[in-house]
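As structure tokens, the structure follows; a few thoughts come after it.
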Amino acid sequence: MGAPREIHAVAAGQLEARPGLDALVGGGGLSPDRRRAFALRLDRYWPDLEAAVAELHPDPQVADGLLARLVRAAATAYAERPADLHELDQHRLLTPDWLQQPGMFGYACYADRFAGDLRGVAERLDHLEELGVTYLHLMPLLAPREGDNDGGYAVRDYRAVRDDLGTTEDLRDLATTLRGRGISLVVDLVLNHVAREHEWAARARAGEAAYRDYFHVFPDRDLPDAYERTLPEVFPDFAPGSFTWDDELAGWVWTTFNEWQWDLNWANPAVLAELAEVILWLANLGVEVLRLDAIAFLWKRMGTSCQNQPEVHAITQALHALTRMAAPAVAFKAEAIVGPRDLVQYLGTGRHAGRVSDLAYHNSLMVQIWSMLATGNTILARQAFHALPPTPGTGTWVTYVRCHDDIGWAIDDSDAHAAGVTGPGHRHFLADWYAGTFPGSWAEGLVFQANAETGDRRISGTAASLAGHEEARILLAHAIAAGWGGIPVIWSGDELAQPNNPGWADEAGHADDNRWAHRPRLDWGLASARDDRSTLAGRVFSGLAHLARVRAGLPQLHASADTIVLPDTDDGVLAVVRRHASGPMVGLYNVSAERRPFHLHRLRAEGLAAPYDALSGQVLEAGGDGVLWLPAYAAWWVVDR
Ligand code: GLC
Ligand code: GLC
């Protein structure tokens, strides 16, 4: 094979003399400056790419073939990248911490449920701008299978936009419009599976061996049974088991999620190459962040849960290196809803530090926020945050209160034990509390996927319904997320305190899946009255917009600073310190329904000579005993005046 050798030579340095480079980046079409810029990036990212591919494919012949295809794809995408996006690349290279800046504020929605279609979204940007949004995550919008498709997470064609949402051109236009208004477009990329109707699956079903190898297919139950001994179930209610018999395949195909979502075989180099090409294509449409859906599941290993395997990070590293070569403005967000101890790896640890996703969902923070509100107590949360491994300084959390999915009670057993409860007991309590069945509960959630075997019950519900429609609790939950450091992302409808949709089961394909209860269409009637402070919707909207505005002015909230939880506070108080070069900030949160004390001297000890709450604009003054009293559900962002 000639190609790999040529690419090795090109990547081996010697910027001036690069015999193979012209062929790679499309020959004479590029100016010398452009060619040189690509050569620099190739030098910079080649080691990351090569190491990642070698980790996945120890056989050098396989590795070389894959490297050749990947570098060619990056070079081609680079050569085809539109001029405005090259300029964006330059801009991002000059501002590598763009995602970490405190002005970042996110919003996530289904384009259709928010505004009908992609053009409709472009017409509703005032709503988002008023809220302070700089980052817009549109839920899956690539062409899905007909019928039930898990909200678009069963993709039939990665190269086409969902018919009813618009066209590829509409997507490009929307990305451009958003960029012009300072909003980055975030799009889902489903990596773990495709729809049974995707061309690859269709060709596998038609008997093409090369495509059968894109999936995990087994002739009998031997291996599926062996895997299932250690596989957790994601949808035990409506999609039990992780394998589906397919007559046309005459085999059992791996289906972690629904039976029409076929897991891809990432051990096949062709799968990695195909998805890399999809990523580069989306990058050139102007997508700025890719949400890597269900990424924890990509690599299967007998005897494990088949989640969080080290190869997942090698795959991400390879894709990331390629994207940096062709389109460095593009960032990755890992959707790994896993236990607290497994989470940090997705921002890169060990040999993958700084080389994988730029963003990851802080699932553990989300769970602890709801746990604190239910108990009015911070002991377990403090323990859990304290036990979290440190995050790399280049990694950024997406902090959130709700998203489109259910809440799984990711409470670590050892954290629970250290806090004086048990993991199963506390998870049971949280499910009861948020289902509204625990005496005294104000919550109105719905049980999602009760698992008889493990006793787990996940919960659906909007932020307002889970918080019992209580303004102070809704705002406190969001203030904790927005004050954590990272990009806070508001789930559509929560900015107006929308309740669960009582008619959630009525839409075609939704009746089985009560996650649709918290995926309401945006209520534009409520939205038009968002300035009316006499309504809950108006107060929550302005409260969240206020959080965004105050955040943007606090350098302490730059995501590179660590978030440290102070020990030995009142049980109802969470105190979070961010030590940033510009000065310290202490977030003080009372998660209980009574006033709670905090000692002024502890703020002084953190270096705050004149403590001032940036949210209320008040100087904090204690009584003669030096005690500050936080009202019920108070949130204070304390900085030096
Ligand atoms: C992700 C999505 C979820 C979906 C699953 C399968 O976890 O967030 O909604 O069901 O992946 O694609
Ligand atoms: C995800 C998560 C799981 C979530 C589900 C969809 O990938 O791992 O916690 O509940 O898919 O709802």
Side-chain angles (χ1 to χ4, degrees), residues 104-141 150-153 162 164-166 174 178 181 183-188 289 291 293 333 335 361 366 398-407 445-446 460-467 469 474-475 477-478 481-482 487-504 507 510 513-530 535-545 547-548:
M104 291 301 289
F105 202 74
Y107 188 84
C109 61
Y110 291 93
D112 53 330
R113 304 178 85 73
F114 179 69
D117 59 14
L118 295 179
R119 287 169 185 236
V121 173
E123 283 160 20
R124 296 294 196 180
L125 297 184
D126 288 350
H127 181 80
L128 299 180
E129 273 181 350
E130 256 177 66
L131 194 56
V133 170
T134 60
Y135 164 114
L136 175 62
H137 171 202
L138 294 181
M139 300 299 294
L141 45 74
D150 190 17
Y153 285 108
R162 213 175 95 186
D164 60 317
L165 294 182
L174 177 60
L178 288 170
R181 296 180 62 164
I183 302 177
S184 295
L185 177 61
V186 186
V187 161
D188 267 275
V289 180
R291 173 189 180 278
D293 179 62
K333 170 169 63 165
E335 191 251 347
Y361 285 90
M366 188 266 295
V398 165
T399 60
Y400 63 117
V401 167
R402 290 297 296 119
C403 71
H404 70 291
D405 276 333
D406 49 288
I407 303 178
L446 303 167
S460 296
T462 66
S465 288
L466 294 182
H469 312 282
I474 297 171
L475 290 177
H478 284 96
I487 306 182
V489 178
I490 310 285
W491 175 241
S492 185
D494 284 350
E495 80 277 28
L496 298 168
Q498 279 188 235
N500 292 342
N501 172 12
W504 63 267
E507 282 179 60
H510 294 183
D513 187 342
N514 68 24
R515 290 176 297 170
W516 291 101
H518 60 245
R519 299 167 176 177
R521 289 172 196 283
L522 197 86
D523 184 336
W524 287 102
L526 280 184
S528 64
R530 61 190 175 239
T535 64
L536 177 64
R539 289 192 302 274
V540 167
F541 188 92
S542 63
L544 297 185
L547 290 177

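Side-chain atoms are counted along with the backbone in the values below, which use heavy atoms only and exclude waters and symmetry mates.
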Closer than 3.5 angstrom, by distance alone: can the side chain of [X] be matched with the main-chain N or O of [Y] as a donor-acceptor pair?
X      : Y      : value
Asn500 : Ser465 : no
Asp117 : Asp164 : no
Trp516 : Gly503 : no
Glu495 : Gly493 : yes

Quick check for you: to the nearest 0.5 Å, what is the distance between [X] atom [atom1] and [Y] atom [atom2]?
X      : Y      : atom1 : atom2 : value
Leu131 : Leu547 : CG    : CG    : 9.5 Å
Leu496 : Ser528 : CG    : OG    : 9.5 Å
Phe105 : Ile490 : CZ    : CD1   : 4.0 Å

**Complete:** In short, Tyr107 meets Ser492 closest at the heavy-atom pair OH-OG, 2.9 Å
**Asked** Do the ring planes of Phe541 and His127 sit parallel (below 30°), tilted (30 to 60°) or perpendicular (above 60°)?
**Response**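 Correct class here is tilted.
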**Request:** Assign the ring pair His404 / Trp491 to parallel, tilted or perpendicular, where the plane angle (0 to 90°) is split at 30° and 60°.
**Result:**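 Correct class here is tilted.
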Tell me whether [X] is salt-bridged to [Y], with the criterion being a basic N under 4.0 Å from an acidic carboxylate O.
X      : Y      : result
Arg515 : Asp150 : yes
Asp405 : Arg519 : yes
Arg181 : Asp126 : yes

**Item:** Exceeds 12 heavy-atom contacts within 6.0 angstrom, atom CZ of Arg119
**Value:**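 At most 12 heavy atoms, drawn from other residues, nucleotides or ligands, come within 6.0 Å of this atom.
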**Request:** Consider only side-chain N and O atoms of His518 and Asp406, and report whether a donor and an acceptor are under 3.5 Å apart.
**Result:**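 Result is no, nothing qualifies.
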**Asked** Pick from Val187, Leu128, Leu174: which one makes a side-chain contact (heavy atoms from CB on, under 4.5 Å) with Leu136?
**Response**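 Of the listed residues Val187, Leu128, Leu174, the side-chain contact (heavy atoms from CB on, under 4.5 Å) partner of Leu136 is Leu128.
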